[in-house]
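Residue numbering restarts at 1 for every chain, and letters A, B, ... go by the order of the sequence lines. What you are looking at is a predicted structure, and each value in this text was computed from that prediction instead of being measured.
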4 protein chains.
Amino acid sequence: MSAQSPDTQSPRPRIRDAEATKSRILEAAKKEFAKNGLEGARVDAIALEANANKRMIYHYFESKERLFQTVLENAYFDIRESEKKLDLDSLDPREALERLVRFTWNYYIQNPEFISLVNSENLAQARHLKSSETVKIVSRRFVGLVDTILKRGVAQGLFRKGVDPVQLNITIAAVSYYYFTNQYTGSIIFERELMSEAAQAERIRFNIETILRIVSL
Amino acid sequence: MSAQSPDTQSPRPRIRDAEATKSRILEAAKKEFAKNGLEGARVDAIALEANANKRMIYHYFESKERLFQTVLENAYFDIRESEKKLDLDSLDPREALERLVRFTWNYYIQNPEFISLVNSENLAQARHLKSSETVKIVSRRFVGLVDTILKRGVAQGLFRKGVDPVQLNITIAAVSYYYFTNQYTGSIIFERELMSEAAQAERIRFNIETILRIVSL
Amino acid sequence: MSAQSPDTQSPRPRIRDAEATKSRILEAAKKEFAKNGLEGARVDAIALEANANKRMIYHYFESKERLFQTVLENAYFDIRESEKKLDLDSLDPREALERLVRFTWNYYIQNPEFISLVNSENLAQARHLKSSETVKIVSRRFVGLVDTILKRGVAQGLFRKGVDPVQLNITIAAVSYYYFTNQYTGSIIFERELMSEAAQAERIRFNIETILRIVSL
Amino acid sequence: MSAQSPDTQSPRPRIRDAEATKSRILEAAKKEFAKNGLEGARVDAIALEANANKRMIYHYFESKERLFQTVLENAYFDIRESEKKLDLDSLDPREALERLVRFTWNYYIQNPEFISLVNSENLAQARHLKSSETVKIVSRRFVGLVDTILKRGVAQGLFRKGVDPVQLNITIAAVSYYYFTNQYTGSIIFERELMSEAAQAERIRFNIETILRIVSL
DNA sequence: TATGAATGAGCTTTCATTCAT
DNA sequence: AATGAATGAAAGCTCATTCAT
């Protein structure tokens with residue numbers, strides 16, 4: 001049981017490292033919540049996957065609900081951090097939009113938990129996000145992104161006037177998000193494999209076309 | 001919904017009417033599953049709401065999982081039935097698309113459970129839909145709808161060629177669906193009331209514009 | 001459901017025949033109780049197997065417990081009736097014993113439920129038999145059987161004196177009964193197929209030998 | 001039975017001792033299964049009797065069925081352990097057989113659950129034993145016991161040749177086992193008190209006689 | 001006589017959480 | 001910091017039995 005000698009190299013470090021334990025728990029929790037939803041997730045499963053003790057979860061995160069909140073906040077924080085690195089201001093407005101659409105798509109691909117977590121939070125009517133200051137702060141920055149691109153496009157005579165940046169923002173998310181979140185039912189309804197490489201490439205192209213047509217003169 | 005006479009709210013329908021009981025259970029289950037997800041839904045709560053006995057649920061539907069499947073099949077059946085009544089073929093292709101976008105929006109408004117159920121099913125990786133023949137059959141009809149409109153539009157020189165009807169179909173759903181399913185987190189992220197009458201009207205307009213621009217020459 | 005027209009010949013007679021229904025229920029109950037024990041037996045399963053309505057069971061037999069009692073009484077009645085037909089008094093005492101041993105064996109083979117029912121009743125500490133007059137009456141006759149054979153054997157100088165007929169009776173039953181009731185665990189413990197034709201023949205021979213040795217001079 | 005000190009009956013053993021808890025559960029389960037059978041046994045009753053939490057039962061034993069399996073394996077293990085201590089090889093073959101018959105009898109008297117558990121397992125068609133390696137191993141040793149005695153008896157000119165040790169083994173068990181398992185119905189059928197001290201002594205004598213007559217020249 | 005609908009009590013099992021060390 | 005033992009509440013589900021026709 002406790003046969004770890006302290007100085008030999010252990011494959012899975014039981015070293016008393018609070019930060020490491022916390023982050024292992026968070027990683028495991030993200031997976032479990034994404035896979036099974038808030039209600040479906042099992043604290044036991046998280047502890048097992050995190051190679052941690054169940055008691056630790058309560059020690060660090062107080063409750064399952066709070067753990068979910070932390071996972072969710074981190075998820076929002078991460079996506080906003082990634083967006084910051086896009087450097088859209090240096091690009092031609094049309095290319096900036098295209099890059100943003102591609103980025104959104106790729107982010108969902110590489111972080112499939114994100115969508116699932118957001119769905120869970122919406123099922124819970126965003127009750128965890130409501131009390132989260134962090135999320136509100138990082139979100140503000142993000143909404144400004146599209147607004148800037150639109151204004152630059154209009155100034156350069158490339159885009160039409162009057163496009164609401166929030167509506168556009170929502171639509172950029174929607175055309176990718178929906179495709180992923182509904183991939184399982186969609187594959188059945190449309191009797192088509194929606195997640196093959198080819199199908200994905202086609203969808204990205206379609207989405208870029210859609211967004212550019214929205215802003216075009 | 002059910003055959004209750006409207007002015008006498010029967011306190012305890014001990015009437016021995018299997019069909020009525022079944023449909024009360026289904027109605028209650030739809031609500032509960034929509035509100036709390038598949039895992040979060042409580043069989044007790046369904047029985048209570050249906051003014052039925054828990055035992056009856058198992059008698060008629062075998063298990064919670066099967067009950068969910070039935071609810072889901074009915075939901076798909078209902079939306080497809082409503083679409084059938086749209087009579088789009090008699091309209092100008094542009095008007096037909098507009099009506100379809102509006103219909104989709106209104107259906108989600110009037111049947112908020114639909115989105116929630118579909119989300120739950122996707123969390124479950126569509127395992128209930130997979131074994132459902134009913135859904136596959138009713139879906140086939142529906143996919144043809146947009147295809148017909150597109151072809152008519154192209155023939156009349158109103159729409160460009162080469163628009164994939166499945167992609168368009170998905171996009172029509174996406175721009176409405178996403179708005180609803182993410183209304184709670186969205187309201188926080190965008191710091192804007194997304195479900196007010198005005199906000200809704202604006203979104204519908206934006207969506208119609210989006211869809212028409214996709215097909216325009 | 002109730003589409004039986006009264007005058008056409010129906011494959012499974014739904015004719016209102018109380019005796020037939022009762023006996024179908026009894027037959028089904030015997031099987032179910034034998035297979036699953038008193039607790040393990042399911043009233044539903046009995047009704048299904050009997051091609052009868054569950055309500056009928058309660059109509060005719062009052063409760064599951066009383067149904068079990070009736071089944072058990074019948075089982076005892078049947079075995080005693082069969083024994084009566086053996087006509088042992090006309091045989092040589094040794095042959096009479098042999099026939100009795102063979103009969104016991106064969107009865108268990110042909111009525112495997114008997115053993116199982118008796119086991120169930122013993123688990124219930126014979127609480128159903130206690131109140132049964134029928135069983136006490138038919139049993140009395142039976143105990144006399146062996147006593148008569150023994151006396152005849154002693155009189156003819158074939159058997160030794162002083163063998164207790166009750167002990168012998170018990171032993172005759174024991175050497176067969178145990179073999180059957182423990183056939184499943186026995187096959188594992190002894191790593192031997194106990195129920196093959198050859199194994200059975202061998203056991204019968206051994207049992208006859210055992211019983212005859214008990215009484216021999 | 002367990003490690004409770006004899007004079008202080010501890011009202012609520014909240015001691016955090018996994019082994020003790022497990023063995024209390026096993027002891028209680030043995031009683032409950034013996035009394036009510038596999039189906040009739042109540043997990044609640046076991047928890048109560050074990051002075052443990054119902055949750056602990058599932059923690060340690062996974063399911064009611066597995067708990068039964070463990071109880072059963074232990075029961076077989078215990079009887080075989082006791083037999084090992086008999087030291088039959090040092091005795092005269094006839095005395096060895098007598099001792100074995102007496103031992104069997106006494107073991108059933110002192111461990112009345114054993115018979116009941118075995119009966120339950122046979123009702124279940126030995127499905128728990130099938131997957132138990134432990135039982136198969138301990139059984140092998142036991143079967144050799146009688147074989148050795150028989151061979152020694154034949155070598156010394158005391159027993160006849162050709163007696164199958166397995167048949168003898170079964171018969172030794174049968175004449176005691178049947179008496180106990182059928183004590184309740186037997187007392188009614190034979191209208192005789194079968195479990196009095198005198199009745200028992202008489203039965204033991206009869207059984208020893210029976211077994212010795214089987215092997216005698 | 002016969003039946004399908006309905007039920008309350010209670011079953012096994014699961015879960016998030018807390019206790020003791 | 002870390003852990004295994006323990007628990008109350010409640011979940012899904014099953015059962016013998018009764019009701020209404």
Side-chain angles (χ1 to χ4, degrees), chain A residues 1-2 4 14-22 39-47 52-60 62-65 67, chain B residues 12-22 39-47 51-65 67, chain C residues 1-2 4 14-18 20-22 39-47 52-60 62-65 67, chain D residues 12-22 39-47 52-65 67:
Chain A
M1 291 292 135
S2 56
Q4 272 342 316
R14 298 275 194 103
I15 311 153
R16 294 168 174 247
D17 182 339
E19 278 319 304
T21 303
K22 271 172 84 166
E39 287 276 350
R42 298 292 164 241
V43 175
D44 272 302
I46 294 170
N53 189 282
K54 211 171 13 163
R55 194 63 193 75
M56 285 291 93
I57 292 175
Y58 288 90
H59 182 60
Y60 287 125
E62 195 172 332
S63 74
K64 186 189 179 186
E65 207 90 348
L67 176 58
Chain B
R12 199 172 299 196
R14 295 269 197 107
I15 314 144
R16 290 172 169 261
D17 181 339
E19 278 321 302
T21 303
K22 271 170 87 166
E39 288 273 352
R42 297 293 165 239
V43 175
D44 272 304
I46 294 170
N51 217 334
N53 189 285
K54 206 171 20 163
R55 190 63 192 76
M56 286 288 94
I57 293 177
Y58 289 93
H59 182 59
Y60 288 124
F61 299 99
E62 198 169 329
S63 71
K64 185 188 178 185
E65 205 91 349
L67 176 57
Chain C
M1 289 295 131
S2 56
Q4 293 307 340
R14 297 275 195 105
I15 312 151
R16 293 168 175 247
D17 182 339
T21 303
K22 270 171 85 165
E39 287 274 350
R42 298 292 164 242
V43 176
D44 272 302
I46 294 169
N53 189 283
K54 211 173 10 165
R55 194 63 193 76
M56 284 293 92
I57 293 176
Y58 289 90
H59 182 60
Y60 288 124
E62 194 171 334
S63 73
K64 184 187 178 186
E65 206 90 348
L67 175 58
Chain D
R12 197 172 300 199
R14 294 268 199 107
I15 315 144
R16 290 176 166 259
D17 182 340
E19 278 322 302
T21 303
K22 271 169 86 165
E39 288 271 351
R42 297 296 164 235
V43 175
D44 271 304
I46 294 170
N53 189 284
K54 210 174 9 166
R55 190 64 192 76
M56 286 288 93
I57 293 175
Y58 288 91
H59 182 59
Y60 288 125
F61 299 99
E62 198 170 328
S63 71
K64 186 188 179 187
E65 205 92 346
L67 176 58

What's the [atom1]-[atom2] distance between [X] and [N], to the nearest Å?
X	N	atom1	atom2	value
A/E65	E/dT17	CD	C1'	14 Å
D/E39	E/dT12	CD	C1'	12 Å
B/R55	E/dA6	CZ	C1'	10 Å
B/I46	F/dG12	CD1	P	8 Å
B/K22	E/dG4	NZ	C1'	13 Å
A/H59	E/dA20	NE2	C1'	16 Å
A/I57	E/dT17	CD1	P	10 Å
B/E62	F/dG12	CD	P	16 Å

Discussion item. Measuring to OP1 and OP2 of F/dA2, would you say a side-chain N or O of A/T21 lies under 4.0 angstrom away?
Written reply: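 Answer is yes, contact under 4.0 Å.
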Hey, does [X] reach any base, or is it just sugar-phosphate, or nothing, if we go heavy atoms under 4.0 Å?
X	result
B/A47	nothing
D/F61	nothing
D/A45	nothing

Worksheet entry | Contiguous pairing runs of three or more, Watson-Crick or G-U under 3.5 Å, that involve DNA chain E |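 Stems found: E:2-21 with F:2-21.
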Of the nucleotides [options], which has the atom closest to the [X] side chain?
X	options	answer
D/A18	F/dA6, F/dA5, E/dA6	F/dA5
A/K64	E/dT17, E/dT14, F/dC15	E/dT17
C/K54	E/dA6, F/dA11, F/dA2	E/dA6
C/M56	E/dT12, E/dC19, E/dT1	E/dT1

Worksheet, complete the sentence: To the nearest 0.5 Å, atom CZ of A/R55 lies from atom OH of A/Y60 at 11.5 Å
Item to complete: Can you see which heavy atom on B/E39 is nearest to which on B/K64, and at what distance?
Response: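 Closest approach of B/E39 to B/K64, heavy atoms only: O-NZ, 3.4 Å.
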Worksheet item: What are the two closest non-hydrogen atoms of B/T21 and B/A52, and how far apart are they?
Response: CG2-CB, 4.4 Å
Practice prompt. With sequence neighbours excluded, tell me which residues meet side-chain contact (heavy atoms from CB on, under 4.5 Å) with D/F61.
Written response: D/K22, D/I25, D/L26, D/L67, D/T70
Discussion item. Quick check: on DNA chain F, is the nucleotide nearest D/N53 upstream (toward 5') of the one nearest B/Y58, or the reverse? Name the residue that is more 5'.
Written reply: D/N53
Worksheet item: On DNA chain F, nearest-nucleotide positions of D/A52 versus C/D44: which is more 5'?
Response: D/A52
